[in-house]
Amino acid sequence: MPELPEVEVVRRDLDPVLRGRTVVAAEVGRDRAVRREPAPEAFVATLTGRTVVATSRVGKFLVVRLDGGLEGAGRDVVIVHLGMSGQLRVAESADEARLPHTHVVWTLDDGREVRFVDPRTFGQMWHAVSTDPGGRPEPLGHLGPDALDDLGDATMLTSRFAGRRIAVKLRLMDQTALAGLGNIYTDEILFRAGVAPHRPSGSVTEDECVALVAAIRAVLPAAIAARGSSLADAQYVDGRGRPGTYQEQFAVHARAGRPCPRCGRTVARLAMGGRSASFCPGCQR
DNA sequence: AAGCACACCTGCTAGC
DNA sequence: TGCTAGCAGGTGTGCT
């Protein structure tokens, strides 16, 4: 459930907590949370004693850059993906009660803890190396341009849609085409752009790509400003445990059967690629 | 080679 | 009331 806006809100919350702090201890309570590591002990060993120099984000992945080590400042990173239900929570001290499903804990040199909580266990974190301290770590090389920081103009979208039969909503969710969008925000972006989710990508016109780019540029910052979206089942909360409020601004997502806020027609729901799309048959063509 | 199905996992909800 | 079945979500793999 966390998509780009939620990950960015968490990053902005975590950055001042982590930056300049040294990880004095790390603990893995559930091996699956570090399943890309050779062993949980390897992850703990890599992290312990390291200082965080910066945080960044690529799509839905959070990147925590570490100082020191053989590779030099900023080259060793920890990549975090929240999956569907992952949360990074800051505890003021070790005395604070741990939530159920707390799988990884980092203890900082100021006594605070950063805790990775993830009921559905789709999230994970692992150590990687970035050849360029400012660039992307190697495991994230397959991702397309970041939908917030590197969106470019409509030409970029047009070229990624060209000749493809796959539904435009699924193409927008393809992280190798564009990184950061998921089921929630593609629903809202397609609504704003007036494009039906099941349209073949290749049928989307240049003008519609212009509208899609404008919609992405409007929706993502607004969602970040609202501190993300929190829905009933996948309880997204920020680094301080508070839900977001962007769901109050949803036009179509999770609103199937209710009236479209623009034209009043009933919002429809469509099964697509094992997911569900919500859209307005009146406003989206 | 694009596009699809499926596995992964848990908690909530709808339906009986 | 208590149970079960179904669903929800993002990513990665593997098949067609």
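Hydrogens, waters and symmetry mates play no part in the numbers below; they use all other heavy atoms, side chains included. In the text below, chain A, chain B and the rest are named by the order of the sequence lines, each starting its count at 1. What you see is a predicted model; the values in this text were computed from it and never measured.
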Discussion item. Tell me whether the side-chain N/O atoms of A/Arg269 come closer than 4.0 Å to OP1 or OP2 in C/dA8.
Written reply: yes
Discussion item. Among B/dG3, C/dT11, B/dT10, which nucleotide has an atom closest to any side-chain atom of A/Thr121?
Written reply: B/dT10
Practice prompt. Give a yes/no on whether any side-chain N or O of A/Arg164 is located under 4.0 angstrom from OP1 or OP2 of B/dG3.
Written response: yes
Discussion item. Which nucleotide, if any, forms a Watson-Crick or G-U wobble pair with C/dT13, using both distances under 3.5 Å?
Written reply: B/dA5
Worksheet, complete the sentence: Checking B/dG3, B/dT10, C/dT11 against the side chain of A/Phe61 (C-beta onward), the nearest is C/dT11
Discussion item. Checking A/Thr205 against A/Asp207: is there a side-chain donor and acceptor pair closer than 3.5 Å?
Written reply: no
Item to complete: Can you tell me the distance, in whole Å, between the NZ atom of A/Lys60 and the P atom of C/dT11?
Response: 4 Å
Worksheet item: Between A/Asp174 and A/Arg164, is there a salt bridge with N-O shorter than 4.0 Å?
Response: no
Fill in: Touch class at under 4.0 angstrom, heavy-atom based, for A/Arg171 against every strand present
nothing
Worksheet item: At under 4.0 Å between heavy atoms, what does A/Arg160 touch on the DNA or RNA strands: base, sugar-phosphate, or nothing?
Response: nothing
Worksheet item: Can you check the A/Leu62 CG to C/dT11 P distance for me, whole Å?
Response: 14 Å
Item to complete: Please state whether the phosphate of C/dG10, meaning OP1 or OP2, lies under 4.0 angstrom from any side-chain nitrogen or oxygen of A/Gln175.
Response: no
Worksheet item: Nearest-Å distance, CG (A/Asn183) to P (C/dC7)?
Response: 15 Å
Worksheet item: Does a sphere of radius 6.0 Å around CZ in A/Arg165 hold more than 12 heavy atoms from other residues, nucleotides or ligands, not counting ones at 6.0 Å or beyond?
Response: no
Discussion item. In this structure, how many angstroms lie between the P atom of C/dT11 and the CE atom of A/Met173, rounded?
Written reply: 10 Å
Worksheet entry | Separation of B/dC9 C1' from A/Gln87 CD (nearest whole Å) | 16 Å
Worksheet item: Between A/His142 and C/dT11, is there a side-chain N or O to OP1/OP2 distance below 4.0 Å?
Response: no
Item to complete: Report the nucleotide, chosen from C/dG10, B/dC4, B/dC8, that has the shortest atom-to-atom distance to any side-chain atom of A/Glu3.
Response: C/dG10
Practice prompt. Considering only NZ, NE, NH1 and NH2 on the basic side and carboxylate oxygens on the acidic side, decide whether A/Arg12 and A/Asp15 come within less than 4.0 Å.
Written response: no
Fill in: Protein-nucleotide distance (A/Leu140, atom CG; C/dG12, atom P), rounded to Å
9 Å
Worksheet item: Could you walk me through whether A/Arg269 and A/Ser278 pass the side-chain hydrogen bond (donor to acceptor under 3.5 Å, both in side chains) check?
Response: CA-CA 5 Å; A/Arg269 183 191 179 95; A/Ser278 299; 4.9 Å; no
Discussion item. Is A/Arg275 close enough to C/dC7 that one of its side-chain N or O atoms is under 4.0 Å from OP1 or OP2 there?
Written reply: no
Practice prompt. Considering only NZ, NE, NH1 and NH2 on the basic side and carboxylate oxygens on the acidic side, decide whether A/Arg255 and A/Asp187 come within less than 4.0 Å.
Written response: no
Worksheet item: Does a side-chain N or O from A/Arg30 land closer than 4.0 Å to OP1 or OP2 of B/dT10, or not?
Response: yes
Discussion item. Looking only at the side chain of A/His81 (C-beta and beyond, no hydrogens), which of the listed nucleotides B/dC4, C/dG12, C/dG10 gets closest?
Written reply: C/dG10
Worksheet item: What is the distance from CZ of A/Arg36 to P of B/dC8, rounded to the nearest Å?
Response: 17 Å
Discussion item. Under 5.5 Å centre to centre and under 30° between planes: does that hold for A/Phe122 and the six-membered base ring of B/dC8?
Written reply: yes
